[in-house]
Chemist: 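Below is a structure I'd like to ask you about.
Quick caveat, the model's predicted, so the values are computed rather than measured.
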Amino acid sequence: MERTAPRIVMKFGGTSVADLDRIRAVAKRVQAQVDAGCEVAVVVSAMAGVTNRLVGYCDALSPLHDPREYDAVVAAGEQITSGLLAIALQSLGIRSRSWLGWQIPVRTDDAHGKARICSIDGDGLIACMRSGQVPVIAGFQGVDNEERIATLGRGGSDTSAVAVASAVKADRCDIYTDVDGIYTTDPRIVAKARKLDKITYEEMLELASVGAKVLQTRSVELAMKERVRVQVLSSFSDNAPAPDGRLPGSLVVDEDEILEQELVTGIAYSRDEARISMRRIPDRPGIAAAIFGPLADANINVDMIVQSSGEDGMTNMTFTTGKADLQRAIALAEAAREVTQYGELITDDSVVKISVVGVGMRSHAGVASTMFRILSDRGINIQVISTSEIKVSVLIAADYAELAIRALHTAYGLDAA
Ligand code: ADP
Ligand code: ASP
Ligand code: MG
């Protein structure tokens with residue numbers, strides 16, 4: 001049967017479904033799209049704070065808990081919201097039902113706690129929409145090959161939404177959240193942050209991967225691969241077009257859809273960093289492999305790395321990991337001391353990584369040097385630097401995060417008029 005009605009996926013994050021009033025408001029928003037003639041599938045997160053509470057329960061019982069049981073616990077938040085929103089929709093006279101990950105099914109790998117979606121069967125959801133119902137899908141969850149519940153990593157409902165949009169061949173995936181779009185930086189840190197009407201997949205991917213949590217990194221990766229049109233909107237405003245004709249929200253698009261490319265598109269930060277420095281290690285082949293091999297074997301991601309130039313046959317190595325991995329990384333470094341023979345191990349988790357991102361960097365020099373100058377003018381010491389084709393990142397003391405982000409935002413001409 002030919003499809004004429006537009007088909008959209010609407011995703012609502014934790015603050016958008018934080019209490020029953022918010023859930024009623026979400027139901028009305030869905031109703032407006034149904035009344036406008038759209039076929040709608042909804043993806044929901046857990047109510048704000050619920051996932052954190054569930055994670056806390058697991059940690060409190062055992063810091064080294066079984067990740068499969070962690071998933072059974074933390075997936076519960078989304079189950080509750082999907083049922084509640086289906087009830088709220090039914091109260092408005094809209095036919096609706098909840099769908100849990102295993103009922104669709106959303107198949108994942110077995111990397112519990114940060115599982116990847118392998119496939120989604122869209123047939124049941126499409127049949128549901130075709131029959132005039134609104135499916136309300138529990139985000140963040142799926143089921144592995146052994147029929148165990150798996151979750152997709154923090155912020156994973158964004159990825160559920162994009163994956164569902166791809167599986168049901170939706171025309172659009174609308175991500176409703178507590179800000180009205182994607183900004184040049186976190187608008188909660190910089191009041192002068194500017195909303196971007198459009199941003200490229202590539203830049204959004206880079207911003208997400210260095211800490212801009214407005215979209216989960218994998219959701220952007222998937223949208224780019226599956227060509228899903230993603231729009232970020234506020235669930236707190238009416239998203240009417242502005243009087244000057246500007247669009248509500250932000251669209252994630254291909255590079256050729258952006259007319260004027262700025263040098264720097266945005267600035268992101270991540271507080272989830274810890275620094276490890278090994279002082280006075282022998283400057284000879286094989287040392288880096290002896291340090292980083294065991295970390296890789298233990299699935300510990302190492303992000304930034306610097307090795308200082310050697311002197312007297314000795315050198316220093318500094319690198320960063322996620323805060324949650326710091327204790328394990330220290331234990332592994334100490335275990336390998338016989339080989340690496342470092343003199344001293346220093347760690348610091350009061351650090352923040354600040355990154356500037358823009359595809360314009362491919363063709364223009366000077367972004368990094370501006371960053372270093374601005375930080376130096378403010379007396380902020382740079383501990384580690386890393387760069388990629390469209391990004392420069394620095395590690396600095398956490399106390400200076402806001403000062404640095406605001407100064408850089410102004411320096412790159414990103415402040416709203
Ligand atoms: P949700 O619960 O809806 O998934 P999140 O808290 O995961 O919401 O993501 C939205 C938050 O992302 C915003 O409240 C904002 O503080 C933060 N954020 C960080 N960087 C940006 C950015 N560049 N643009 C917009 N929001 C950002
Ligand atoms: N509820 C999950 C979390 O808090 C998933 C999400 O909100 O996207 O991480
Ligand atoms: Mg989120």
Chemist: Test salt bridge (charged side-chain N to carboxylate O under 4.0 Å, His left out) on Arg328 and Asp325; report intermediate values, then the result.
Modeler: CA-CA 5 Å; Arg328 281 196 307 144; Asp325 287 330; 3.1 Å; yes

Chemist: Report yes or no: do Thr410 and Asp415 form a side-chain donor-acceptor pair below 3.5 Å?
Modeler: yes

Chemist: Find the distance between NZ (Lys195) and CD1 (Ile182) and round it off to the nearest 0.5 Å.
Modeler: 9.5 Å

Chemist: Tell me, which pairs form a salt bridge (charged side-chain N to carboxylate O under 4.0 Å, His left out) where one or both residues lie in residues 48-66, sequence neighbours left out?
Modeler: Asp66-Arg68

Chemist: Taking all non-hydrogen atoms of both residues, which atom of Val339 and which atom of Arg284 are closest, and how far apart?
Modeler: O-NH2, 3.9 Å

Chemist: Measure the spacing between CD1 of Ile385 and CD1 of Ile396 and express it to the nearest 0.5 Å.
Modeler: 12.0 Å

Chemist: Is it true that a side-chain atom of Asn316 and a backbone atom of Arg280 form a donor plus acceptor pair closer than 3.5 Å?
Modeler: yes

Chemist: Can Ser16 and Ser235 be counted as having a side-chain donor-acceptor contact under 3.5 angstrom?
Modeler: yes

Chemist: Hey, is Arg188 close enough to Glu402 for a salt bridge, meaning N to O under 4.0 Å?
Modeler: no

Chemist: Without swapping roles, check the side chain of Arg194 against the backbone of Leu414 for a donor-acceptor pair under 3.5 Å.
Modeler: yes

Chemist: Do the side-chain N and O atoms of Thr265 and Glu262 include a donor-acceptor pair separated by under 3.5 angstrom?
Modeler: no

Chemist: Pick one: which of Val220, Thr185, Ile199, Val214 meets side chain to side chain contact (heavy atoms under 4.5 Å, CB included) with Leu207?
Modeler: Ile199

Chemist: Could you tell me which non-hydrogen atom of Glu206 sits nearest to which non-hydrogen atom of Ser209, and how far apart they are?
Modeler: O-OG, 2.9 Å

Chemist: Is a salt bridge present between Lys323 and Asp272, judged by a nitrogen-to-oxygen distance below 4.0 Å?
Modeler: no

Chemist: Please report, to 0.1 Å, the donor-acceptor pairs under 3.5 Å made by any side chain of residues 34-43, with sequence neighbours excluded.
Modeler:
residue	atom	partner	partner atom	Å
Glu39	OE1	Arg7	NE	2.8
Glu39	OE1	Arg7	NH2	2.9
Glu39	OE2	Arg130	NE	3.2

Chemist: Does the distance from a Lys or Arg side-chain N to an Asp or Glu carboxylate O, for Lys198 and Glu203, drop under 4.0 Å?
Modeler: no

Chemist: Once salt bridge (charged side-chain N to carboxylate O under 4.0 Å, His left out) is applied, do any residues pair with Asp121, and if so which ones, sequence neighbours excluded?
Modeler: none

Chemist: Identify the two heavy atoms, one from Leu395 and one from Arg275, that lie closest to each other, and give their separation to 0.1 Å.
Modeler: CD2-CD, 3.7 Å

Chemist: For Tyr70, enumerate each residue passing the ring pair (Phe, Tyr, Trp, His ring centres under 6.0 Å) test, keeping only those at least two apart in sequence or located in another chain.
Modeler: His65

Chemist: Output a table of donor-acceptor pairs, distance under 3.5 Å, between side-chain atoms of residues 288-301 and any protein atom two or more places apart or on a different chain; print 'none' if there are none.
Modeler:
none

Chemist: Should Glu221 and Lys225 count as an ion pair when the cut-off is N to O under 4.0 Å?
Modeler: no

Chemist: Can you confirm whether the side chains of Asp186 and Tyr269 place a donor and an acceptor under 3.5 Å from each other?
Modeler: yes

Chemist: Under the salt bridge (charged side-chain N to carboxylate O under 4.0 Å, His left out) rule, collect the residues that match up with Asp109, sequence neighbours excluded.
Modeler: none

Chemist: Kindly compute the distance separating CD (Gln31) from CD (Gln33), expressed to the nearest 0.5 Å.
Modeler: 11.0 Å

Chemist: Under the rule for salt bridge (charged side-chain N to carboxylate O under 4.0 Å, His left out), what residues qualify as partners of Lys114, not counting sequence neighbours?
Modeler: none

Chemist: Could you pull out every donor-acceptor pair under 3.5 Å between side chains of residues 350-361 and any protein atom, sequence neighbours left out?
Modeler:
residue	atom	partner	partner atom	Å
Lys353	NZ	Asp303	OD2	2.5
Ser355	OG	Ser393	OG	2.8

Chemist: Minimum heavy-atom separation for Ile380 and Ala404, please, with both atom names.
Modeler: CD1-CB, 4.0 Å

Chemist: Where the side chain of Thr318 meets the backbone of Ser277, is there a donor-acceptor pair that is under 3.5 Å apart?
Modeler: no

Chemist: Should the pair Glu69-Arg148 be classified as a salt bridge under the 4.0 Å nitrogen-to-oxygen rule?
Modeler: yes

Chemist: Could Arg337 and Tyr342 be counted as a cation-pi pair, given that NZ or CZ must be under 6.0 Å from the ring centre and within 45° of the axis?
Modeler: yes

Chemist: How close do Val210 and Ala268 get, heavy atom to heavy atom, and via which atoms?
Modeler: CG2-CB, 3.8 Å

Chemist: Could you pull out every donor-acceptor pair under 3.5 Å between side chains of residues 87-102 and any protein atom, sequence neighbours left out?
Modeler:
residue	atom	partner	partner atom	Å
Gln90	NE2	Ser96	O	2.9
Ser91	OG	Ile87	O	2.9
Arg95	NH1	Ser131	O	2.7
Ser96	OG	Val134	O	2.8

Chemist: Keeping Thr320 on the side-chain end and Met304 on the backbone end, is there a donor-acceptor pair under 3.5 Å?
Modeler: yes

Chemist: Side chain to side chain donor-acceptor pair (under 3.5 Å) for Thr200 and Glu255? Distances and angles first, verdict last.
Modeler: CA-CA 5 Å; Thr200 65; Glu255 214 166 306; 5.4 Å; no

Chemist: Let me confirm one number: the CG-CG distance from Asp197 to Leu251, rounded to the nearest 0.5 Å.
Modeler: 8.5 Å

Chemist: Would you find a donor on one side and an acceptor on the other, under 3.5 Å apart, between the side chain of Tyr412 and the backbone of Met371?
Modeler: yes

Chemist: Below 4.5 Å, heavy atoms only, C-beta onward: do Val384 and Val394 meet side chain to side chain?
Modeler: no

Chemist: Within a radius of less than 6.0 Å around CD of Glu147, do more than 12 heavy atoms belonging to other residues, nucleotides or ligands occur?
Modeler: yes

Chemist: Going by distance alone, is a donor N or O of one side chain under 3.5 Å from an acceptor N or O of the other, for His112 and Thr151?
Modeler: no

Chemist: Could you tell me if the side chain of Ile405 sits less than 4.5 Å from the side chain of Leu408, heavy atoms only?
Modeler: no

Chemist: Ignoring hydrogens and angles, tell me if any N or O in the side chain of Ser157 forms a donor-acceptor pair with the backbone of Ser160 under 3.5 Å.
Modeler: no

Chemist: Can you pull out every salt bridge (charged side-chain N to carboxylate O under 4.0 Å, His left out) where at least one residue sits in residues 209-220? Sequence neighbours excluded, please.
Modeler: none

Chemist: Is it the case that the side chain of Ser82 and the backbone of Glu78 share a donor-acceptor pair, with hydrogens and angles ignored and the cut-off at 3.5 Å?
Modeler: yes

Chemist: Looking at side-chain heavy atoms only, is the closest gap between Phe140 and Thr51 below 4.5 Å?
Modeler: yes

Chemist: Report yes if the side chains of Leu215 and Ile175 come closer than 4.5 Å at any heavy-atom pair, otherwise no.
Modeler: yes

Chemist: Short question: side chain of Ser62, backbone of Cys58 - any donor-acceptor pair under 3.5 Å?
Modeler: no

Chemist: Using a strict 4.0 Å threshold on nitrogen-to-oxygen distance, state whether Lys11 and Asp158 make a salt bridge.
Modeler: yes

Chemist: Under 3.5 Å, side chain of Arg107 to main-chain N/O of Asp144, donor-acceptor pair present?
Modeler: yes

Chemist: Taking only residues two or more places apart in sequence or in another chain, which ones pass ring pair (Phe, Tyr, Trp, His ring centres under 6.0 Å) with Phe12?
Modeler: Tyr176

Chemist: Under a 4.0 Å N-O cut-off, is there an ion pair linking Asp21 with Arg24?
Modeler: yes

Chemist: Check salt bridge (charged side-chain N to carboxylate O under 4.0 Å, His left out) between Asp171 and all other residues, then give those that pass, not counting sequence neighbours.
Modeler: Arg3

Chemist: Which heavy-atom pair separates Met47 from Ala18 by the least distance, and what is that distance?
Modeler: CE-O, 3.5 Å

Chemist: Okay, side chain of Thr315, backbone of Asp283: is any donor-acceptor separation there less than 3.5 Å?
Modeler: no

